[in-house]
Amino acid sequence: MNKTAKLELDGKQYSLPTLVGTEGEKAIDISALRTQTGYITLDDGYGNTGSCLSNITFIDGERGILRYRGIPIEELAEKATSVETAFLIIYGHLPTRAELRRFSDLLTENQYLHEDMTFHFQGFPSGAHPMAMLSAMINAASCFDEGLMHWQFGARNEFEVYAARLISQVRTIAAFSHRKSRGLPLIYPKKAYKYTANFLHMLFSMPYEDYELKPEVVHALDLIFLLHADHEQNCSTATVRMVGSSQANLFASAAAGVCALWGPLHGGANQAVIEMLQEIHSTGDDGSKFINAAKDKNSGKRLMGFGHRVYKNYDPRAKIIKKACDNLLKVLNHNDPLLEIAKKLEESALHDSYFIERKLYPNVDFYSGIIMRAIGIPVEMFPVIFAIGRMPGWIANYKEIMEDPKGRIYRPRQVYEGPTEKHFVPIEERK
Ligand code: SDX
C-alpha cells in the first residue's frame with residue numbers, strides 16, 4: 001500500500017498519493033494539487049519534477065547505473081550492436097533473429113531519401129552547421145512522405161515503418177549534410193553495408209574510391225551510437241515528448257529534439273569539449289589555467305564534458321568510451337595530444353575540492369570527441385553523431401506518448417511576476 005504525503009497549507013491538511021517505481025524511485029503525485037489547494041509547484045529546471053511514467057531507461061545517478069529496458073549498458077556495449085539496441089529500446093525486448101532480420105530489412109528499404117530532397121541541400125550555404133541542416137531536412141523528409149502526413153496519430157501498424165524510416169534516413173541526411181557542407185558529391189548508401197558501415201561509406205567514400213571500412217573503426221562508431229541511444233528524460237527527449245504530446249508527427253518531434261540537443265550544455269558539449277581541449281593545447285596550458293577558469297564563475301568557462309544533472313558519480317558511458325578511445329588510438333597507431341590533455345584534466349579535476357564537492361565527473365561527452373576525431377569526423381558533426389545515436393530513444397519515448405491512454409498535451413504552468421492590470425495609453429500620451 002503506497003504512503004500518502006501530508007501537506008498543511010493555510011490551516012488545512014491535504015493528503016497526496018505517492019508511488020514507488022520498480023527501482024525504488026519515490027514520487028508524490030501532485031496531479032490534483034491545484035484543484036485541491038489552488039497551489040502549483042515551482043521547480044527551476046525541473047530538477048525535482050517527474051514528467052511521466054516510463055519503461056525505457058533507468059539511471060541511478062548516485063551509483064552510476066544505466067540500463068536500457070533493464071539491461072546494463074556495460075553488457076550491451078560488449079555484446080550488442082547499435083541496431084539490436086535500437087530495437088530493444090523501441091520495442092522493449094531484444095529482437096529474435098526473425099525480428100532483427102525484419103528490422104534490418106526495413107532500415108535498408110528506407111535508407112534512400114526522395115531524390116528531390118537533394119535540391120534542398122543545394123539551398124544551404126557551404127558553411128551551414130550540420131545540426132541546422134539535420135533538423136530542417138528531417139522535417140523536409142516528411143513533406144515527401146504522403147503517408148506520414150496523413151498518418152493517424154497512434155496507428156501502431158504504420159509506426160514500425162516510420163520508426164525504421166527515421167532511424168535510417170537520419171543517417172543519410174547527416175552524411176549528405178556533411179558532404180554538402182564540404183562541397184563534396186553525395187555518396188548514396190549501399191545495400192550490402194550494415195547501418196554504421198553505410199554511414200561511414202556515405203561520409204567518406206568518393207565516386208572513384210570506396211572508403212576503407214576498418215572493423216575497429218566501424219565498431220567504435222557503432223559503440224558511440226549504442227551508448228547515446230537513450231537517457232531517460234534529458235532535455236532533448238523531454239522536448240520530443242513535449243512536441244509529440246500535441247500529436248505532431250514523429251519526424252516533426254524528432255526535428256525538435258535535434259534543436260534541443262544542439263545546445264553546448266547538452267549534445268553540443270562533445271563539440272565544445274574538443275574546442276576546449278584545442279584551446280588548452282594551442283595556448284600551451286597544461287590544463288591548470290583552464291581548470292582555475294572553470295572554477296571561476298566570472299570566467300564564463302566551464303569544464304565541458306564534466307558534470308551532469310543526474311550522475312553524481314562517474315557516467316558509466318564515459319568509462320566505456322575512455323577505454324574504447326585507448327583501444328582505437330592504439331589500433332590506428334594514432335596519438336592525439338588532446339587525449340593526454342583530457343586525461344590530465346580529468347586527473348586534476350577528480351582531485352580538486354571544487355569538483356569533488358559538486359560531484360562533477362566526466363560525462364558521456366568528455367571522451368567521445370576523441371574517438372570521432374580519430375575516425376576523421378569533423379568537429380561540427382559531433383552533435384549530429386549524438387543525434388543519430390539518440391534517435392531510437394526519441395522514437396521510443398514518442399511511442400510511449402502515442403500509446404498513453406490518457407494522451408494529455410504537455411502544458412506546464414507558471415508563477416506570473418509581471419505587471420498587474422493597467423490600461424492602454426494612446427501614443428500621443430506616452431512619454
Ligand atoms: C549531456 O541530461 C542528460 O541525460 C544529458 C545527457 C544525455 O545523454 O542526454 O547525459 C548528455 O547533455 C551531458 C552533459 C553535457 N554538458 C556538458 O558537459 C556541459 C558542462 N556541464 C554543465 O554545464 C552542467 O554540469 C550540466 C549542464 C551538465 C548540468 O547542469 P546542472 O545540473 O544544472 O548543474 P548546475 O549548472 O546547477 O551546476 C551545479 C554547480 C554550479 O556551481 P555552484 O553554483 O553550485 O557554485 O556545479 C557547477 C555550477 O557552476 N558546475 C560546473 C560544471 N558543471 C556544473 N562548474 C564547472 N564546470 C562544469 N562543467
Side-chain angles (χ1 to χ4, degrees), residues 43-51 54 56-62 64-68 73 77 85 89 131 224-241 257-277 280 287 289-321 342 345-346 348-350 352-370 382-383 385-394 396-397:
D43 181 18
D44 175 39
Y46 298 123
N48 305 281
T49 297
S51 62
S54 180
I56 305 167
T57 292
F58 171 67
I59 304 175
D60 181 319
E62 274 60 40
I65 289 173
L66 168 57
R67 299 191 199 122
Y68 293 156
I73 192 71
T85 305
I89 285 172
M131 282 296 266
I224 293 269
F225 287 152
L226 185 154
L227 292 171
H228 285 78
D230 192 47
H231 213 241
E232 55 134 278
Q233 301 309 309
N234 57 83
C235 176
S236 52
T237 299
T239 301
V240 170
R241 286 185 83 112
V258 170
C259 297
L261 186 71
W262 192 359
L265 293 188
H266 189 15
N270 50 26
Q271 176 174 352
V273 167
I274 293 297
E275 288 161 356
M276 169 188 78
L277 295 174
I280 293 170
K289 252 197 250 124
F290 194 91
I291 287 246
N292 289 333
K295 296 190 293 188
D296 169 8
K297 295 283 180 282
N298 306 320
S299 73
K301 301 263 183 206
R302 282 198 156 193
L303 185 52
M304 300 312 276
F306 251 71
H308 200 276
R309 174 63 58 79
V310 176
Y311 288 124
K312 300 308 168 193
N313 200 324
Y314 214 103
D315 183 332
R317 302 167 295 177
K319 260 188 213 151
I320 297 168
I321 291 178
L345 280 176
E346 177 189 344
S348 345
L350 294 185
D352 183 305
S353 58
Y354 173 93
F355 294 91
I356 295 168
E357 279 154 24
R358 293 167 179 80
K359 299 186 177 172
L360 303 175
Y361 292 88
N363 59 49
V364 67
D365 294 304
F366 193 61
Y367 287 106
S368 56
I370 306 280
F382 289 8
I385 301 297
F386 193 143
I388 296 173
R390 185 53 49 92
M391 206 49 83
W394 288 343
N397 277 273

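Just so it is clear, the model here is predicted, and its values are computed rather than measured. Numbering of ligands and ligand atoms starts at 1, following listing order.
- Donor-acceptor pairing under 3.5 Å is recorded for the side chains of Thr57 and Asp230.
- Residues that satisfy the side chain to side chain contact (heavy atoms under 4.5 Å, CB included) test with Leu265, not counting sequence neighbours, are absent from this structure.
- Applying the side-chain hydrogen bond (donor to acceptor under 3.5 Å, both in side chains) rule to Glu346 yields the partners Tyr314, Lys322, Tyr367; only residues at least two apart in sequence or on another chain are considered.
- The two residues Gly268 and Pro383 come nearest to each other via the heavy atoms CA-CG, 4.1 Å.
- Note that CD of Gln233 is 5.0 Å distant from CG of Asn397, once rounded to the nearest 0.5 Å.
- Partners of Ile65 according to the side chain to side chain contact (heavy atoms under 4.5 Å, CB included) rule, which considers only residues two or more places apart in sequence or in another chain, are Phe58, Asp60, Arg63, Arg67.
- Protein residues with any heavy atom under 4.0 Å from ligand 1: His231, Asn234, Pro264, Leu265, His266, Ala269, Ala294, Lys297, Arg302, Leu303, Met304, Gly305, Phe306, Gly307, His308, Arg309, Arg317, Tyr354, Arg358, Leu360, Asn363, Asp365, Phe386, Arg390.
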